[in-house]
Amino acid sequence: QVQLVESGGGLVQAGGSLRLSCAASGRTVSTYAMAWFRQAPGLEREFVSAISLSGGTTYYGDSVKGRFTISRDNAKNTVYLQMNSLKPEDTAVYYCAARRTSVAVTTATGYDYWGQGTQVTVSS
């Protein structure tokens, strides 16, 4: 079993930055692909970014390309999401997810473990 705990969310003004962290415990996630998704009220869960086991392959949703960067530190069992140039439409609960393979995918159904989420609010 894997437990994922997100942190780093909060309230920020438009144009600002936040860095989210996802710390894993239980079975090591150093062999898992990882991802971030987000969900705003009344909307479906949206893919944000994903990273392969090695970190050599990354994916981004169209709405965050060029602004967000995903990275991982396998020694610390932690995945990060650096979010720059934040916009009010980035406001959502951000979820970390882990997949029991080395290859990342962009669909939520492809992930086996989920964190509880961290709220990100961007004011205009």
Side-chain angles (χ1 to χ4, degrees):
Q1 189 68 20
V2 171
Q3 293 81 42
L4 304 174
V5 179
E6 303 95 337
S7 62
L11 174 63
V12 63
Q13 288 188 331
S17 298
L18 284 174
R19 188 175 84 152
L20 304 184
S21 298
C22 172
S25 60
R27 296 176 65 87
T28 178
V29 294
S30 62
T31 59
Y32 294 176
M34 303 291 292
W36 289 94
F37 290 79
R38 67 187 183 186
Q39 188 166 19
L43 299 179
E44 294 185 353
R45 193 163 293 192
E46 176 190 13
F47 170 73
V48 175
S49 185
I51 187 167
S52 64
L53 162 64
S54 67
T57 301
T58 57
Y59 301 98
Y60 295 94
D62 288 341
S63 61
V64 306
K65 280 180 183 176
R67 300 187 298 121
F68 290 11
T69 303
I70 191 171
S71 61
R72 65 189 297 162
D73 184 338
N74 288 343
K76 295 182 179 180
N77 266 354
T78 302
V79 175
Y80 305 97
L81 184 69
Q82 178 67 44
M83 305 187 296
N84 299 328
S85 302
L86 283 161
K87 304 175 181 179
E89 51 263 44
D90 293 319
T91 295
V93 177
Y94 283 70
Y95 296 92
C96 175
R99 184 169 189 253
R100 288 192 301 258
T101 74
S102 61
V103 177
V105 296
T106 61
T107 54
T109 55
Y111 289 84
D112 303 294
Y113 303 103
W114 292 83
Q116 298 283 349
T118 185
Q119 176 70 46
V120 171
T121 303
V122 184
S123 63
S124 58

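Both backbone and side-chain heavy atoms feed into the values below; hydrogens, waters and symmetry mates do not. Position 1 is the first residue of the sequence, and the numbers go up from there. What you are looking at is a predicted structure, and each value in this text was computed from that prediction instead of being measured.
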Practice task
Quick one: sort the F37 and W114 rings into parallel, tilted or perpendicular, breaks at 30° and 60°.
Solution key: tilted

Problem - Within 6.0 angstrom of Q116 CD, more than 12 heavy atoms from elsewhere - result: no

Problem - Close side-chain approach of I51 and W36, heavy atoms under 4.5 Å - result: no

Handout entry: Donor-acceptor pair, side chain of T91 and main chain of V122, under 3.5 angstrom
Key = yes

Exercise for the section: Check whether any side-chain heavy atom of L53 lies under 4.5 Å from a side-chain heavy atom of V103, and answer yes or no. Expected result: no

Problem - Partner set under ring-ring contact (aromatic ring centres under 6.0 Å, His included) for Y80, not counting sequence neighbours - result: none

Practice task
Show your reasoning for whether side chain to side chain contact (heavy atoms under 4.5 Å, CB included) applies to L81 and F68.
Solution key: CA-CA 7 Å; L81 184 69; F68 290 11; 4.1 Å; yes

Handout entry: Side-chain donor or acceptor of E6 paired with backbone N/O of C22 under 3.5 Å
Key = no

Practice task
From the options V64, V48, L18, select the one residue that forms a side chain to side chain contact (heavy atoms under 4.5 Å, CB included) with M83.
Solution key: L18

Exercise for the section: Locate the shortest heavy-atom distance separating S17 from Q82; write the atom from each residue and the value. Expected result: CB-NE2, 4.0 Å

Exercise for the section: Please report the shortest heavy-atom distance between L4 and A24, naming the atom on each side. Expected result: CD2-CB, 3.7 Å

Exercise for the section: Taking all non-hydrogen atoms of both residues into account, name the closest pair between Y60 and S49 and its distance. Expected result: CE2-OG, 3.2 Å

Exercise for the section: Keeping the roles fixed (side chain from R72, backbone from S54), state whether a donor-acceptor pair exists under 3.5 Å. Expected result: no

Problem - Flag, side chain of D112 to backbone of R100, donor-acceptor distance under 3.5 Å - result: yes

Practice task
Give a yes-or-no answer on whether the side chains of Q13 and S124 include a donor-acceptor pair shorter than 3.5 Å.
Solution key: no

Handout entry: Min side-chain heavy-atom separation V2-Y32 under 4.5 Å
Key = yes

Handout entry: Verdict with reasoning, R19 to S71, per side chain to side chain donor-acceptor pair (under 3.5 Å)
Key = CA-CA 11 Å; R19 188 175 84 152; S71 61; 5.8 Å; no

Practice task
Please answer whether the main-chain N or O of T69 pairs with a side-chain N or O of N84 as donor and acceptor at a distance below 3.5 Å.
Solution key: no

Practice task
For residues A14 and P88, report the shortest heavy-atom separation together with the two atoms involved.
Solution key: CB-CD, 4.1 Å

Practice task
Using atom types as modelled and distance alone, determine if a side-chain donor or acceptor of E46 lies under 3.5 Å from a backbone N or O of Q39.
Solution key: no

Completion exercise
Here the pair of heavy atoms bringing R67 nearest to D90 is NH1-OD2, 2.7 Å

Practice task
Could you tell me which non-hydrogen atom of Y59 sits nearest to which non-hydrogen atom of A104, and how far apart they are?
Solution key: CE1-O, 3.7 Å

Exercise for the section: Examine distances only and state if a side-chain atom of T118 and a backbone atom of G9 form a donor-acceptor pair shorter than 3.5 Å. Expected result: yes

Practice task
Using modelled atom types only, decide if a donor and an acceptor are shared between the side chain of T78 and the backbone of K76 within a distance under 3.5 Å.
Solution key: yes

Handout entry: Cation-pi, Y95 ring and R38 (6.0 angstrom, 45 degrees)
Key = no

Problem - Modelled atom types, side-chain donor and acceptor of R99 and Y113, under 3.5 Å - result: no

